[in-house]
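The block underneath contains the structure these notes are about, expressed in structure tokens.
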Amino acid sequence: MQNNKYIVTLLFSSIVIYALVVSCKPKALITQLQKVEQYTTIELTLTSDGHHLNPSDNYTQVDVWAKFYNDKGDTLIRPAYWYGENIWKVRFSPPDNGNIWSWNSYCNDETIIELSKLSGSFISIPYSGKNKLLKHGLLKMSEGKRNVVHADGHPFLVVGDTPWALPFRATVEQAKIYAADRQRKGFNAALLMSVQPDMEAKGPNARNTAEGFVRGFSDLANGHINKIQPAYFNYLDSLIDVLLDHGIVPVFQPIFHGYGWKGQKVLGNHIVPDEYERYCRYLLARYGSQPAMWLLAGDNGGRDPGVKESGEMMEHWDCYKQPTGLHYNPCDNYVASWAIDNPLKHCEHLNESYQSEAWLDFQWAQSGHDGEHLQYKVNRMYDNQPTKASANGEPTYEGMAGGKNGLGWWQGKEAWQNLMNGGTMGVVYGAAGLWQWMITGDEPGWPEWTDQKKSWQEAMQMEGSNYVGLVNKILEGYDLTDIEKRTDLTKRSFTNKPILAKIGKLYIAYGETPTIKIIGVPADIPFTFYDPKTGHIIKNGKTKNDGLFINPVEGPWVLVIGEKTGNSKY
């Protein structure tokens, strides 16, 4: 990570580098301070002499953190992560510019003075780069809790992809190919299994190798995650850098709870809660100073060991309050055949576990992989209280069931229907072969229902990905933040069908019939019909008093009524 253009690295040992009285900001002192651009990361390296530490216990026994405070009175706390041997690192991103920040380090063992008695200062300056994520800052939830926004309030409609196995199978060069394709198509988020989660998975400890995967923990196969492998995460840093360079936010899932990678007994159902919480804190320390989202539960009922504890930990330790949520299996209101007599697989959860918890920001349903459009899930989730952002985090992946399900335009229709029916946080796409990061089309290891005979690179080019990416391209520049699902504004063939609305300002509808009448739309504001298969404009103009809109061509359409915002371009 030291080569990341967004990270400034500072090294410290047992010597305190300097202490400053910052209230008057003397010019001579300011010119001597390290300059750190707003929203970029400064990395502090803290080194112990090691004589009283057991390296095998450093990850599990030694907790280090730093407190940052500026001359305006703001205070932020960031946990450190164990880098290896006798080294810990703290990553911090200044959320402002033009202020002096000072910091102090702390350790749960105060006798390790090399880790707990350090301090320093730097000055934040305006961001000068071109990264469109960092330009607007880290992520947070909107005021109305329906959407993700940047630190400066700029809207962020999630358009996610699911290269789940990229962290433990891909090379940096492959990640660059993938990220360039997804950036070009319009994706801005990637859902990731942070480590391979199956205890019984077998294969070479190698990337880009048939049946191979690199191990993040050497004891995961034995049911624990105490023996972390720092080299794995050093490489993961480089993969995350590639995604961020291409405007793609990593969505970190720590240890999966459902099917996993190959369905070989996922650790998430059995994990020791303290181990899960510790690992979540490690991920927060390592990646939480850059744009990120946290998916604490993956593909079950949301109540697996350590999930609640990790959510509470995030609420306490994530000073930036980046979005934290849960991802469910498909059996929300029924008992699946594979869950009968299996107490580890949780059904009838209604996609609302921990709905009232303060640490929970979003809920992601799953409709399964049978090729069904099941918008009732997001429709119901939208109405749950207290309000949490909602989306379908796992519709049918393109090409599941041996290349049969969810093909082509099915993906575009699914995305727009989920958005209209209450999945207003955004949309998610997946493809068989890509989610596993299959090295070749004939790589063995997966049952047909999860698979098709395509490598990750072949699956990446499937037709449906274009349509889902276009959701972002079509809506870019419109501020959907906290837009409402409304079923009371439409007439004629659209009666009682949902559209999205900010009354008097913005209306969005998806349809396949020629006309729609929307009640109460002001006159003389711009409207545009878009072709959701190409992104091209079909027709535009200004609204009239009758609220009637007619699409002049056959086929599906997206209607957007309203002005683009002043922040329409990154």
Side-chain angles (χ1 to χ4, degrees), residues 53-65 79-85 87-89 108 164-169 191-203 205-207 212-237 239-240 250-288 292 294-300 302-314 317-318 324 326-327 344:
L53 296 176
N54 182 348
S56 64
D57 294 335
N58 284 349
Y59 171 69
T60 59
Q61 300 298 321
V62 180
D63 290 334
V64 179
W65 65 96
Y81 68 93
W82 180 56
Y83 182 75
E85 298 183 348
I87 299 173
W88 281 257
K89 296 193 176 190
N108 63 335
W164 287 113
L166 179 150
F168 50 89
R169 304 210 82 193
L191 282 61
L192 306 172
M193 295 180 185
S194 65
V195 293
Q196 194 288 120
D198 298 358
M199 291 188 284
E200 298 178 357
K202 309 293 183 183
N205 188 18
R207 297 178 181 276
F213 60 97
V214 182
R215 277 68 168 171
F217 290 88
S218 62
D219 57 343
L220 189 148
N222 300 320
H224 293 282
I225 51 170
N226 294 321
K227 297 180 180 179
I228 197 167
Q229 301 298 295
Y232 173 89
F233 291 93
N234 292 341
Y235 198 90
L236 181 58
D237 285 357
L239 298 174
I240 299 303
V251 182
F252 291 97
Q253 205 297 308
I255 302 288
F256 233 61
H257 303 102
Y259 180 78
W261 183 45
K262 288 191 172 182
Q264 299 292 318
K265 196 176 180 181
V266 290
L267 175 57
N269 301 145
H270 309 270
I271 200 164
V272 176
D274 286 350
E275 294 179 18
Y276 193 72
E277 180 184 345
R278 181 187 304 117
Y279 179 46
C280 289
R281 176 170 160 166
Y282 176 90
L283 291 174
L284 175 65
R286 190 149 195 159
Y287 302 108
W294 313 108
L295 200 58
L296 297 186
D299 194 25
N300 203 15
R303 294 184 179 272
D304 285 278
V307 171
K308 183 176 188 293
E309 295 88 340
S310 297
E312 292 169 347
M313 179 278 299
M314 286 285 183
W317 281 102
D318 185 4
T324 299
L326 308 177
H327 165 265
L344 297 176

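Because the structure is a prediction, the values reported are computed rather than measured.
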Q) Asn205 side chain to Arg215 main-chain N or O, any donor-acceptor pair under 3.5 Å? A) yes
Q: With sequence neighbours excluded, tell me which residues meet side-chain hydrogen bond (donor to acceptor under 3.5 Å, both in side chains) with Asn269.
A: Asp304, Lys345
**Q.** Non-neighbouring partners of Trp164 that pass side-chain hydrogen bond (donor to acceptor under 3.5 Å, both in side chains), sequence neighbours left out
**A.** Tyr397
**Q.** Counterpart residues, side-chain contact (heavy atoms from CB on, under 4.5 Å), relative to Pro305 (two or more places apart)
**A.** Ile271, Pro273
Q) Mind checking what makes side-chain contact (heavy atoms from CB on, under 4.5 Å) contact with Lys265, not counting sequence neighbours? A) Met199, Glu200, His270
Q | By side-chain hydrogen bond (donor to acceptor under 3.5 Å, both in side chains) - contacts of Ser194 (at least two apart) | A | Tyr279
Q.
Using only atom types and a distance under 3.5 Å, with no angle test, would you say the side chain of Trp261 pairs donor to acceptor with the backbone of Gln264?
A. no
Q: Taking ring-ring contact (aromatic ring centres under 6.0 Å, His included) as the test, write out the residues that go with Tyr235, two or more places apart.
A: none
Q: Would you please name every residue forming a ring-ring contact (aromatic ring centres under 6.0 Å, His included) with Trp294, sequence neighbours left out?
A: Phe252
Please tabulate, for side-chain N and O atoms in residues 219-227, each donor-acceptor pair with protein atoms closer than 3.5 Å (sequence neighbours left out).
residue: Asp219; atom: OD1; partner: Asn226; partner atom: N; Å: 3.3
residue: Asp219; atom: OD1; partner: Lys227; partner atom: N; Å: 3.2
residue: Asp219; atom: OD2; partner: Asn226; partner atom: N; Å: 2.9
residue: Asp219; atom: OD2; partner: Lys227; partner atom: N; Å: 3.3
residue: His224; atom: ND1; partner: Glu275; partner atom: OE1; Å: 3.4
residue: His224; atom: ND1; partner: Glu275; partner atom: OE2; Å: 2.7
residue: Asn226; atom: OD1; partner: Arg278; partner atom: NH1; Å: 3.2
residue: Asn226; atom: ND2; partner: Glu275; partner atom: OE2; Å: 3.1

Q | Side-chain donor/acceptor of His327 to backbone N/O of Asp299, under 3.5 Å | A | yes
Q: List in chain and number order the residues that pass ring-ring contact (aromatic ring centres under 6.0 Å, His included) with Tyr259, two or more places apart in sequence or in another chain; answer none if no residue qualifies.
A: Trp449
Q: Give the ring-plane orientation class for Phe217 versus Phe233, where under 30° counts as parallel, over 60° as perpendicular and anything between as tilted.
A: perpendicular
Q. What residues, two or more places apart in sequence or in another chain, satisfy side-chain hydrogen bond (donor to acceptor under 3.5 Å, both in side chains) together with Glu312?
A. Lys308
Q | Closest non-hydrogen atom pair, Asn234 against Tyr83 | A | OD1-CE1, 3.3 Å
